[in-house]
Amino acid sequence: MAAPKVLVVDDEPHLRVFIAAVFRSAGCETATAANGSQGLEKAREMRPDLVSLDLMMPGEGGLKMYRGLREDDVLRAVPVLIVSAVSPGAFAHSLAMLRASLPEGLAAPEGFVEKPPEPERLLAEARRLLGGALHGD
Amino acid sequence: MAERILLVDDEEGIRKVLGLSLRDAGHTVFTAGCGEEAVAVFARERPSIVLTDIKMPGMDGIEVLGRVKAADPDAEVIMITGHGDLDLAIESIKRQAADFVTKPINQDVLEIALARAAERSALRRQVREHTRNLERLVEEKTRELLAAERFAAVGRTAAGLSHAIKNIASGLEGAIFLLERGREPAMREYLDEGWSMLKSSVERIKGLSLELLRLSGRTMLCIGAHDPDRPAREAVELFLPRAQELGVRLTLSCGAGFGNCLFDLEAMHRCLVNLVANALDACGELEEGGGAVSVASARVGGRLEYRVADTGPGMSEAVRSRVFTELFSTKGGRGTGLGLLTAKQTAEAHGGSIAVSSEPGGGALFVVAIPARDAPPDAV
């Protein structure tokens with residue numbers, strides 16, 4: 001099986017390096033982007049198997065990218081893992097807000113990890129979403 | 001009720017007789033033999049009622065009435081009129097006299113006049129008391145509201161801080177992960193990355209706690225005589241490389257020169273560094289890239305003005321109203337919201353102010369203005 005491809009989108013350079021390193025350590029191929037529009041471009045280019053996305057980026061970057069992914073015929077099925085500094089409770093709320101702001105029938109993000117992200121949590125979610133064993137299991 | 005009464009009459013006999021009977025009735029009585037003396041005694045003793053003859057040589061009773069009412073609108077003035085002075089009596093009522101009694105003075109009439117005057121002034125006192133109570137009530141409620149608002153601000157501040165600290169914690173978590181992995185021979189490159197992540201996370205914690213410290217204490221300014229253009233020049237020089245990296249045009253225009261001014265160079269430097277860093281970050285948010293930041297120093301009237309303008313995405317009214325009052329950041333994970341709070345503190349500690357004008361999509365302009373205090377020629 002080819003190595004799963006993960007796209008890491010975060011405005012914080014350290015987190016890009018860190019999260020990408022976590023996925024690489026589990027045998028994934030990774031690419032990074034610093035904002036939503038860059039992220040969409042990269043996603044169309046590399047066709048990732050998973051997108052790790054920070055929703056709280058300057059401007060509407062994160063949200064815009066999420067919509068962009070869900071409205072793209074090819075990328076629609078790619079699972080999205082939200083990595084965010086908001087607490088799970090607050091995330092449920094912002095998810096409801098997100099749903100309200102999205103066109104009807106748009107799927108919610110598949111996973112959520114609270115910042116600071118722990119490597120084990122990231123990999124556990126990735127394992128669940130990629131539906132297969134990662135390297136190192 | 002016992003009143004403090006000033007009795008004014010040019011006839012000594014009347015002052016004596018009337019004075020006696022008023023004192024008998026329990027009042028405190030001061031007397032004056034002419035208008036001028038009456039004004040002086042009134043100013044000294046502040047009686048609540050003035051009883052004055054209307055016709056006197058020199059300053060007459062109408063004039064005394066005017067002076068008393070001008071000095072204390074709450075004092076009541078009763079006129080003593082002679083037979084046939086009705087026109088004068090009416091004139092004095094028009095000028096706010098409480099009442100008039102005619103000579104020869106009937107004791108009962110005088111008592112009624114005094115009682116009415118006392119009542120009027122008691123009523124007025126009551127109204128004033130109520131008003132004061134109302135004011136106190138409003139003041140109390142305002143204080144409570146302010147306290148509640150401060151609590152809310154503390155809550156928002158804590159939330160903002162927690163966000164900033166979480167992001168630093170993420171950096172530390174990342175550093176630990178990278179350093180651990182980097183110990184494996186095949187992952188050497190992680191060591192460098194982890195190491196730099198650790199260093200910069202520690203820097204950020206230090207920076208955050210320093211900013212908090214500055215914010216919590218009263219700002220002690222270290223005033224010296226400096227070239228007023230210098231903080232603007234230095235802030236721009238500091239950020240030129242970063243601007244180049246971002247593809248932002250960073251320009252400087254110095255116009256505050258001609259002699260040193262008294263201000264805290266270090267604090268003003270920090271203030272402008274914060275503003276320029278924000279402006280560059282704002283331009284960095286432009287998805288199409290580019291953008292421009294201009295920094296200017298000038299003397300406008302008696303003030304030193306530092307202007308930092310950017311062509312970034314601008315701010316909404318809601319954002320504008322919050323930037324100076326709480327830890328508020330538009331920079332996602334990177335901002336703490338402390339920069340503008342300290343900038344405001346610096347401006348205000350100098351007796352100046354900071355203002356922002358911005359529209360969504362229209363960039364932003366921050367203006368720091370402080371009084372331009374010229375340094376004496378020998379100051380260093």
Side-chain angles (χ1 to χ4, degrees), chain A residues 8-27 30 32-41 52-65 68 82-91 94 113-123 135-136, chain B residues 159-182 184 186-187 189-204 245-246 278 281-289 312-316 319 329-335 360-361:
Chain A
V8 177
V9 187
D10 203 303
D11 63 309
E12 176 80 31
H14 286 159
L15 277 171
R16 285 202 297 277
V17 173
F18 170 34
I19 296 172
V22 169
F23 287 121
R24 272 206 307 281
S25 77
T30 59
T32 59
N35 60 48
S37 54
Q38 222 182 73
L40 263 183
E41 227 170 84
S52 154
L53 177 63
D54 175 17
L55 268 191
M56 256 175 101
M57 290 190 290
E60 287 196 340
L63 194 58
K64 238 187 187 155
M65 170 162 181
I82 302 293
V83 180
S84 171
V86 298
S87 65
F91 179 70
S94 58
V113 172
E114 190 181 354
K115 281 185 186 177
E118 287 161 17
E120 299 75 34
R121 287 271 300 137
L122 283 173
L123 292 180
H135 176 76
Chain B
L161 271 182
S162 149
H163 189 77
I165 291 169
K166 260 188 191 174
N167 272 293
I168 297 173
S170 297
L172 289 172
E173 195 88 46
I176 291 170
F177 176 83
L178 289 168
L179 290 174
E180 255 171 22
R181 287 301 159 117
E184 295 161 24
M187 306 277 196
E189 78 271 15
Y190 280 4
L191 272 186
D192 291 339
E193 279 178 359
W195 184 243
S196 86
M197 207 181 274
L198 180 64
K199 275 201 295 197
S200 85
S201 296
V202 170
E203 276 308 308
R204 282 172 71 183
E245 196 180 299
L246 285 169
N278 281 350
D281 282 339
C283 287
E285 278 176 41
L286 293 168
E287 305 245 323
E288 67 271 21
M315 279 174 267
S316 66
V319 170
S329 177
T330 57
K331 297 193 221 167
R334 284 170 299 133

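Just so it is clear: chains get the letters A, B, ... in the order the sequence lines come, proteins before strands, and each one is counted from 1.
A distance of 10.0 Å separates CG of B:L172 from NE2 of A:H14, quoted to the nearest 0.5 Å. Remark: B:F177 CZ to A:S25 OG distance equals 3.5 Å, nearest 0.5 Å.
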(request) Please test B:E193 against A:R16 for salt bridge (charged side-chain N to carboxylate O under 4.0 Å, His left out), starting from the C-alpha separation and ending with a verdict. (result) CA-CA 11 Å; B:E193 279 178 359; A:R16 285 202 297 277; over 6 Å; no
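Both the backbone and the side chain of B:E173 have a heavy atom closer than 4.5 Å to some heavy atom of chain A.
Residues A:P117 and B:S170 approach most closely at CD-OG, 3.7 Å, considering heavy atoms.
Listed options B:S200, B:S196, B:G171, B:P313 were ranked by heavy-atom pairs under 4.5 angstrom with chain A; first place goes to B:S200.
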